Amino acid sequence: MAEPIRECVSGVVETVVYRNERNDYAVIELTGDDDSMITATGILPYVAEGEEVILYGRWVTHAAYGRQFSVETFEKRLPSDVHAILRYLASGAVRGVGPSTATKIVSRFGEDSFDVIENHPEWLSDIPGISVKKAAAISESFREQTGVRAVMMFCRDFVGAATATRVYKRFGAGAVGKIRENPYCLCDGTLGIGFEKADEIAASLGMDKNAACRLESGLRYVLQYNAMANGHTCLPADKLTASTTALLGVEQDTVLAALDAALNSGKLVSHPAEGFEETPLIFLEEAASAEDYVARKLLLLDRYCATYSHEDVERMIGMVEAEQGIRYAEQQRHAIHAAMTGGVLIVTGGPGTGKTTVVMALLRIFEHLGCQVALAAPTGRAAKRMSEAGGHEARTIHRMLEMERTAEEGELRFNRNERNPLDENVIIIDEASMLDLPLAAGLLRAVQNGTRLILIGDVDQLPSVGMGNVLGDLLDCGVFSTVCLSEIFRQSERSLIVTNAHRINRGEMPRLDETDGDFFFVERNVEEQIALTVAALIETRLPRVYGEEMRDKIQVITPSRKGRAGTEVLNRLLQERINPAEIGKDEIRFRDAAFRIGDRVMQIRNNYEIEWEKNGKQGNGIFNGDIGVIERIEKQSETLWIRYDDRLATYDFSLLEELEHAYAITVHKSQGSEYPVVILPMYACAPPLLTRNLIYTAVTRAREMVVLVGRKDIVARMVENNRHDMRYTCLHHRILKAAKDYENI
């Protein structure tokens, strides 16, 4: 369907009915040029009563409030006659100016009031009650609005009002000049403007396609895109230049010259590595620095940590065994010894091999020794599971590092770092396979020298979503103590989930013919029937056998978003079956989806500002992969409330773009989580997704039951396909080089 034609309305703002101060969403009423009364909604920063506005957008019909104008972008014109100027200033649009002060300013300066405020603020201090400091603050607030207005007008054909506001806050009063000089300064992760959009702006300004800033930005974009999409921390020079040449539509020699210039300036970094002698690996400077820091800091931690004798460790193990009434297996004892005699330890192993038992033993030992221990994991669900299993509070790594967004530039940063390190001297990280390079670097910057670092993970699961292959590189380099737990314990041997997971990991077909265990296979060879069978299992079949409460325990995990049993198809079908539209049930439509009370939804990006309440206490932050249920929708205030386990989070409607339905999620989104029951569709999706580590990861997400639905040949194909996507990284090379450097000191 064709997009509706963008329309334009203009008039004078009569009333600001509602404003959300966090995101500038507003509802306004204005008198149109034809004297009609218009209700408009959208992101409208700094709009105030008395202003003339030109709004661009589309007419929509709101279910409760009727016909409204939905604003995409807008222009503002400051009022020009004395009465309108007074009304504008008296509305509170300028910080520090209320009705009384507005009257004094307009009485003194009349139609020149705005010029005085912007260009001669010292004149305001002649008015009784306005000090020199207050006059400067009034002028600053007014100029801020002028700057935002200039950016919005300059970029109105390319970005919306919310983005224009972020651009102004990032670059200040000189934003327009900076964009004219180099539009590619907008390619900043905090602004939400991609290379293609910046390239459109550059073209509109008549910038030469061979301009140095365009060539450099193109090189950076290719590296950044491959980091986000494919997990590469770097690219071979020949691949980088070929991709950049195709992207920019210029000669390859031009790109090669631009690459040399970026390398000479230090904005890009070259690193020779084994196997890449003919074409060096090229990094963004920040990625190269992160790899180098991680390598050197890990070696420092490993070499400068207090150790305990074999006899002391055995005595402590015996003490904990007596307390717990158990005896640790040989591999578990080896892991405990390694943790006590080195600074860095990696413990790997599949399900049922006792990783949690090792963590609990180490907790008891370190507590007896008076150590401060921190437990953390990359995701909230993994941290929660760790807390429940170990009886010790675990946090996400982001929370442990006190992540926040800076007010000035909107950038994310960790408050815990080299200047403000963590207090704990033992740090245990679970689900370490999910550690990407930036998070690993942030963690290590906050770890004091002498601290013991223990990484727990399953290297056979999918790698991190973000760039790097941290756990894999640490194992490949062979420098750090590593214990691989392989013995499946008796209580776990009874679980087909555990035994089939290990069969899959060995390249053997799982046992699919059992009917009385915790692992089932429902064969469906007609792919159109797979999604319908999944829906029937959740809607009626499993609840009928196990009780109605079973429905809330089930999580559908599917290999892909696309296809006959991908998340897009399944979420629509499952919402229709499980939570259909009903008279009296509130819902809000966003794009092509309906979000209604009772829907299971997932947060799809980290947002450190979303407010939540837990047992009367306030907090902030909902993270990528968190799953909750919509409890309440209030259309008048454009707000909905989502329950994430024991936290009730507040969303305004502008954040709907950060939500997806979560009746079905992809395997990649399930990483680090655990669910009572997992249903896994087996259908023909994109070949790169039909891999052994993907089905292994999905199966190991289940705690009580797994149900495979679909084609047996797809199961066999995934089990046989042990292909792993190669990630270009140099962390293992840097570790080996740094280790040699330390040996030579």
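Sequence positions, counted from 1, serve as the residue numbers for this chain. Computed from a predicted structure; not experimentally measured.
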>> For E393, give me all partners under side chain to side chain donor-acceptor pair (under 3.5 Å), at least two apart in sequence or on another chain.
In response: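 None.
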> Could you go step by step and tell me if I504 and R692 meet the side chain to side chain contact (heavy atoms under 4.5 Å, CB included) rule?
Replying inline: CA-CA 7 Å; I504 290 169; R692 183 186 302 172; 3.9 Å; yes
Quick one: do [X] and [Y] make a salt bridge, cutoff under 4.0 Å?
{"X": "K562", "Y": "E568", "result": "yes"}
{"X": "R596", "Y": "D586", "result": "no"}
{"X": "E587", "Y": "K585", "result": "no"}
{"X": "E720", "Y": "R717", "result": "no"}
{"X": "E388", "Y": "R385", "result": "no"}
{"X": "R561", "Y": "E660", "result": "yes"}
{"X": "R701", "Y": "E674", "result": "no"}

Backbone N/O of [Y] and side chain of [X]: donor-acceptor pair under 3.5 Å:
{"X": "E576", "Y": "A581", "answer": "no"}
{"X": "D430", "Y": "L375", "answer": "no"}
{"X": "R524", "Y": "I530", "answer": "no"}
{"X": "D518", "Y": "L496", "answer": "yes"}
{"X": "D626", "Y": "I622", "answer": "no"}
{"X": "R647", "Y": "R643", "answer": "no"}

>> Going by ring pair (Phe, Tyr, Trp, His ring centres under 6.0 Å), name the residues that satisfy it together with H661, two or more places apart in sequence or in a different chain.
In response: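 Partners of H661 by the ring pair (Phe, Tyr, Trp, His ring centres under 6.0 Å) criterion, ordered by chain and then number, come out as F595.
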> How would you list, by chain and number, every residue that makes a salt bridge (Lys or Arg N to Asp or Glu O under 4.0 Å) with E200, sequence neighbours excluded?
Replying inline: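 E200 satisfies salt bridge (Lys or Arg N to Asp or Glu O under 4.0 Å) with no residue once adjacent residues are dropped.
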> Mind checking what makes salt bridge (Lys or Arg N to Asp or Glu O under 4.0 Å) contact with R600, not counting sequence neighbours?
Replying inline: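 Result, salt bridge (Lys or Arg N to Asp or Glu O under 4.0 Å) vs R600: none returned.
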>> Strictly by ring pair (Phe, Tyr, Trp, His ring centres under 6.0 Å), give each pair with a member in residues 541-583 just once, sequence neighbours left out.
In response: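 Every candidate ring pair (Phe, Tyr, Trp, His ring centres under 6.0 Å) pair involving residues 541-583 fails, so no pair, neighbours aside, qualifies.
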Measuring from [X]:[atom1] to [Y]:[atom2], what's the distance to the nearest 0.5 Å?
{"X": "T700", "Y": "Q671", "atom1": "OG1", "atom2": "CD", "result": "9.5 Å"}
{"X": "I630", "Y": "N579", "atom1": "CD1", "atom2": "CG", "result": "8.5 Å"}
{"X": "D199", "Y": "L186", "atom1": "CG", "atom2": "CG", "result": "11.5 Å"}

> In this structure, are over 12 heavy atoms from other groups packed under 6.0 Å from R605 atom CZ?
Replying inline: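 Yes, CZ of R605 has more than 12 neighbouring heavy atoms, counting only those of other groups under 6.0 Å.
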>> Taking side chain to side chain contact (heavy atoms under 4.5 Å, CB included) as the definition, give me every residue that meets it alongside E508, ordered by chain and number, with sequence neighbours left out.
In response: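 Partners of E508 under the side chain to side chain contact (heavy atoms under 4.5 Å, CB included) test: R503, R506.
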> What closest approach, in Å, do A702 and I497 show between heavy atoms, and which atom pair accounts for it?
Replying inline: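 Scanning both residues completely, I find the closest heavy atoms to be O-CG2, 4.0 Å.
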>> Please evaluate residues D460 and N505 with respect to the criterion side chain to side chain donor-acceptor pair (under 3.5 Å), reporting the C-alpha separation (whole Å), side-chain torsions for both, the decisive distance (0.1 Å), and the verdict.
In response: CA-CA 7 Å; D460 295 311; N505 205 26; 2.7 Å; yes
Quick check: do [X] and [Y] have side-chain heavy atoms less than 4.5 Å from each other?
{"X": "V556", "Y": "L574", "answer": "yes"}
{"X": "P351", "Y": "Y696", "answer": "yes"}
{"X": "V601", "Y": "I627", "answer": "no"}

